[in-house]
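Below is one structure, written out as structure tokens; the observations come after it.
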Amino acid sequence: MNEKHEKILQDYERDCKIRNFTGATINRYVSNIRFLGEFLDERGRGYEDVEREDLVEFVSYLRYDRKVMFRTMKNYFAGLNSFYEYLLY
């Protein structure tokens, strides 16, 4: 993952702590967002310039290529929502 993504993730992790997320939630969200970052890096994208289609491809990749189960998908969605809410704030 590139340095810019890593810095954004560190800042997001700090924000999660401020929002009083549990340690397990923070670890799960950061791990999931890091995985998204790697996915975006492969496509020459960053967290800030992601398009809807990038996220659709990411979710499709998780569901069909990685065979991620429904509950795990819910965790990814919750993490994505929290992360992009943070970026917009």
Side-chain angles (χ1 to χ4, degrees):
M1 180 179 309
N2 69 47
E3 286 183 35
K4 186 175 182 181
H5 281 181
E6 201 56 50
K7 172 73 168 108
I8 290 170
L9 258 184
Q10 289 172 358
D11 292 345
Y12 170 65
E13 183 175 4
R14 185 183 60 212
D15 184 71
C16 287
K17 290 175 183 175
I18 291 169
R19 290 195 272 172
N20 205 30
F21 289 1
T22 67
T25 297
I26 293 169
N27 290 338
R28 188 171 48 249
Y29 284 8
V30 168
S31 175
N32 292 349
I33 300 304
R34 180 172 281 116
F35 189 61
L36 170 64
E38 293 167 1
F39 181 87
L40 293 173
D41 277 349
E42 291 175 5
R43 286 151 181 78
R45 294 283 207 181
Y47 291 128
E48 315 90 307
D49 62 348
V50 69
E51 298 284 336
R52 180 182 184 279
E53 187 59 32
D54 298 316
L55 294 177
V56 170
E57 287 179 26
F58 179 64
V59 170
S60 178
Y61 169 73
L62 292 174
R63 184 70 182 112
Y64 299 111
D65 295 355
R66 301 231 359 179
K67 309 284 191 233
V68 170
M69 301 303 291
F70 179 73
R71 183 175 175 155
T72 304
M73 290 298 292
K74 284 177 57 175
N75 285 325
Y76 269 96
F77 283 125
L80 288 169
N81 184 55
S82 170
F83 180 68
Y84 279 100
E85 180 181 277
Y86 160 75
L87 286 182
L88 289 173
Y89 175 71

Name the atoms and distances for all side-chain donor-acceptor pairs under 3.5 Å in residues 65-75, with sequence neighbours left out.
unit_1	atom_1	unit_2	atom_2	d
Lys67	NZ	Tyr64	O	2.8

Item checked: For Thr22, all residues meeting side-chain hydrogen bond (donor to acceptor under 3.5 Å, both in side chains), sequence neighbours excluded -> Thr25
Next item on the list: To the nearest 0.5 angstrom, please state how far the CG atom of Asp11 sits from the NZ atom of Lys7.
Entry: 3.5 Å
Margin query: Taking side-chain hydrogen bond (donor to acceptor under 3.5 Å, both in side chains) as the definition, give me every residue that meets it alongside Glu48, ordered by chain and number, with sequence neighbours left out.
Written below: Lys4
Notebook entry, point to check: With a 4.5 Å limit on heavy-atom distance, are the side chains of Glu6 and Gln10 in contact?
Noted result: yes
When the side chains of residues 76-89 are checked against the rest of the protein, which donor-acceptor pairs come out under 3.5 Å, sequence neighbours left out?
unit_1	atom_1	unit_2	atom_2	d
Ser82	OG	Tyr12	OH	2.8
Ser82	OG	Arg19	NH2	3.1
Tyr84	OH	Tyr47	O	3.1
Glu85	OE2	Arg19	NH1	2.9

Distance-only criterion, 3.5 Å: show the donor-acceptor pairs between side-chain atoms of residues 37-46 and protein atoms not counting sequence neighbours.
unit_1	atom_1	unit_2	atom_2	d
Asp41	OD1	Asn2	ND2	3.2
Asp41	OD1	His5	ND1	3.3
Asp41	OD2	Asn2	N	3.4
Arg43	NH1	Phe39	O	3.1
Arg45	NE	Asp54	OD2	3.0
Arg45	NH1	Asp49	O	3.2

Check: Which class fits the ring pair Tyr29 and Phe21: parallel under 30°, tilted 30 to 60°, perpendicular over 60°?
Finding: perpendicular
Item checked: Reference residue Leu36; test side-chain contact (heavy atoms from CB on, under 4.5 Å); the match among Val50, Leu55, Leu62 -> Leu55
Next item on the list: Hey, could you give me the CD/CD distance between Glu57 and Glu51, rounded to the nearest 0.5 Å?
Entry: 11.0 Å
